Amino acid sequence: MHKRFVNHCTIELNLIPDGPILIKSGKEGADPTKPDMEFVETYHQGGRTVYLPGSSLKGAIRAHAERIVRTVGKDKNPSDPDVLWAGNPLDDKHREDNPNLYLEDWKSKQKKKDLKDRHPYPGAELYKLSCFVSQLFGSTSVASRLRIEDAYPVDPKQLKLEERNGVAIDRVFGSVAVGPFNYQVCTGGAFRTKIHLKNFTLAQLGLIGLVLRDLNDGWFGIGFAKSRGLGTVQVELSSAVVQYPGCELRDGKISVIGSQQQWTHNHWLLGVREFLSDKDSDSYGFTNQGLPKEDRKEISVEAKPMTYNFGLQMRWANDEVADVTELFTKAVESWSSRLPRRVA
């Protein structure tokens, strides 16, 4: 699916410290006047400033996404693409539960086969064999559909940086084991970032919405010493844009360029499955048992031409009639339909 661009979502948000946060630098400087643990810094807009690396944000978001999936699904590989589950990319003992390992094993077996006996669509099969989280965030065998930009300060002058002191206590004797040491934290200001999703299903978008909701509610944090009160942030959703670069408006309806495929009007939120043939949907594992064939939701936002009048897009913003919560509410409905239904 990475060879085509059928849909794309960009979510712009601000992360506001709800207490002290610290993303540690990986190395210590030689300046004795600086704290032992420094905040990561970079050059931005002509000056040096602290920031939140996209890699750190993505790691925290992925970890919580795995918790959500394991809560409602399974944490072990069921060897059934219809079952919702989340693998463990850090588990080296159980290869069947680590997407970085069992997918590599599958590729190795394919290489040992004759060309005529190899799977005709290895990329689709690797995606189908991946757990739900790896399908979204990627693995060493499957490319990620999600990208997070570094979060830079909205206004560097509004940042509040301070130093704090700490010690490490010996768990046996109760005395000081390491320290005292000092570390730098940020307690005020706002950091702006963007989350990009490409070729996504509505269920995948819904999962991201749930993760951002939980991050805002303080269910998990980012950075250093989360278990000691650091790392909680408020999530301020600024805007969201969903784009269909291969579509146009034809008779007031969303239509695929160069195709007869179209939808009934221009108020549809469309997942990637809507753009695939039945054969491709089956190859990628989208035709799961118990799921509706449609991957779309009716919304209040109207699709309008993108820049240069090529492609279509829909926009949600907090300063407009339809805010971002509508987008996630509709997407979470699709996520709910992906969950297993058990009958007593």
Side-chain angles (χ1 to χ4, degrees), residues 5-18 21 23 42 44-45 49-62 64-65 136-137 144-159 186 188-202 204-218 220-223 232-245 269-272 297 299-308 311-332 335:
F5 239 149
V6 297
N7 64 359
H8 185 275
C9 180
T10 300
I11 305 162
E12 183 174 315
L13 59 131
N14 294 334
L15 298 176
I16 304 171
D18 198 20
I21 61 173
I23 308 293
T42 189
H44 182 66
Q45 295 182 347
T49 181
V50 299
Y51 75 109
L52 308 179
S55 57
S56 298
L57 298 176
K58 186 176 182 179
I61 288 175
R62 174 170 184 153
H64 192 70
L136 176 58
F137 290 90
S144 174
R145 304 186 183 282
L146 182 141
R147 178 170 62 90
I148 304 179
E149 298 182 8
D150 291 341
Y152 296 108
V154 176
D155 183 359
K157 297 180 180 179
Q158 298 296 323
L159 292 180
C186 178
F191 298 85
R192 180 168 299 161
T193 186
K194 291 182 180 179
I195 299 177
H196 301 273
L197 279 170
K198 67 176 181 179
N199 294 346
F200 60 90
T201 67
L202 298 190
Q204 291 172 342
L205 179 60
L207 178 60
I208 295 301
L210 293 176
V211 172
L212 294 179
R213 180 201 66 181
D214 293 348
L215 178 60
N216 181 68
D217 290 344
F220 69 103
I222 58 176
T232 57
V233 296
Q234 297 177 16
V235 179
E236 183 181 82
L237 298 172
S238 300
S239 65
V241 177
V242 173
Q243 299 170 314
Y244 310 128
L269 177 63
L270 305 172
V272 65
K297 290 292 181 180
I299 53 177
S300 64
V301 179
E302 178 183 357
K304 298 181 179 180
M306 294 171 58
T307 305
Y308 309 129
L312 297 177
Q313 69 177 12
M314 293 171 290
R315 176 181 172 83
W316 292 260
N318 290 339
D319 56 350
E320 298 179 6
V321 176
D323 61 19
V324 186
T325 56
E326 184 201 33
L327 171 65
F328 284 132
T329 299
K330 293 294 183 179
V332 170
W335 159 256

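This one's a predicted model, so the numbers in the text were calculated from it and none came from an experiment.
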Working for side-chain contact (heavy atoms from CB on, under 4.5 Å), residues Arg213 and Asp217: CA-CA 6 Å; Arg213 180 201 66 181; Asp217 290 344; 3.9 Å; yes

Chi angles and distances behind the side-chain contact (heavy atoms from CB on, under 4.5 Å) call for Leu210, Phe328: CA-CA 8 Å; Leu210 293 176; Phe328 284 132; over 6 Å; no

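Among residues two or more places apart in sequence or in another chain, the side-chain hydrogen bond (donor to acceptor under 3.5 Å, both in side chains) test is passed with Asn14 by Arg192, Glu236. Applying the side chain to side chain contact (heavy atoms under 4.5 Å, CB included) test to Ala331 and every residue at least two apart in sequence or in another chain returns Leu205. Every side chain to side chain contact (heavy atoms under 4.5 Å, CB included) that Val6 has, sequence neighbours left out, goes to Arg4, Asn199, Val272, Phe275. Listed by chain and residue number, Asp323 satisfy the side-chain hydrogen bond (donor to acceptor under 3.5 Å, both in side chains) test with Thr325 (two or more places apart in sequence, or in another chain). Checked against side-chain hydrogen bond (donor to acceptor under 3.5 Å, both in side chains), Asp18 has the following partners two or more places apart in sequence or in another chain: Gln234. Checked against side-chain hydrogen bond (donor to acceptor under 3.5 Å, both in side chains), His196 has the following partners two or more places apart in sequence or in another chain: Thr10, Glu149. Take Lys58 and apply the salt bridge (Lys or Arg N to Asp or Glu O under 4.0 Å) test, not counting sequence neighbours, and it matches no residue. Remark: Tyr152 engages His44, Tyr51 in a ring pair (Phe, Tyr, Trp, His ring centres under 6.0 Å) (not counting sequence neighbours).
No donor-acceptor distance shorter than 3.5 angstrom exists from the side chain of Ser239 to the backbone of Ala317, with no hydrogens or angles considered. Panel note: side chain Gln243, backbone Met314; no donor-acceptor pair is recorded below 3.5 Å. Checked by atom type and distance alone, the side chain of Gln158 never pairs as donor or acceptor with a backbone atom of Asp155 at under 3.5 Å.
Here the shortest heavy-atom pairing between Asn7 and Tyr244 reads CB-CD2, 3.8 Å. The two residues Pro153 and Leu159 make their nearest non-hydrogen contact at CG-CD1, 3.6 Å. Taking all atoms of both residues into account, the shortest heavy-atom contact from Ile21 to Pro17 is CD1-CG, 3.9 Å. The nearest pair of heavy atoms linking Ala65 to Phe137 is CB-CE1, 3.8 Å.
If you take CD1 on Ile222 and CD1 on Ile61, they are separated by 9.0 Å, rounding to the nearest 0.5 Å. Atom CG of Leu15 is separated from atom CG of Asn216 by 9.5 Å, given to the nearest 0.5 angstrom. Note that CD1 of Ile195 is 5.0 Å distant from CD1 of Ile148, once rounded to the nearest 0.5 Å. In this structure, the separation between SG on Cys9 and NZ on Lys194 is 12.0 Å, given to the nearest 0.5 Å. Going from atom OG of Ser238 over to atom CH2 of Trp316 covers 15.5 Å, rounded to the nearest 0.5 Å.
Looking at heavy atoms from C-beta onward, Leu136 lies in side-chain contact with Leu197 at the 4.5 angstrom threshold. With a 4.5 Å cut-off on side-chain heavy atoms, Val332 and Leu207 do not count as touching. In this structure the side chain of Leu202 reaches within 4.5 angstrom of the side chain of Lys297, judged on heavy atoms. Looking at His8 and Val242, their side chains never come closer than 4.5 Å, going by heavy atoms from C-beta outward. The closest side-chain heavy-atom distance from His64 to Phe220 is below 4.5 Å. When side chains are defined from C-beta on, Glu326 does not count as touching Thr329, because their heavy atoms never get closer than 4.5 Å. Side chains of Ile16 and Phe191 form no contact here, defined as non-hydrogen atoms less than 4.5 Å apart. A heavy-atom distance below 4.5 Å is found between the side chains of Thr193 and Leu13.
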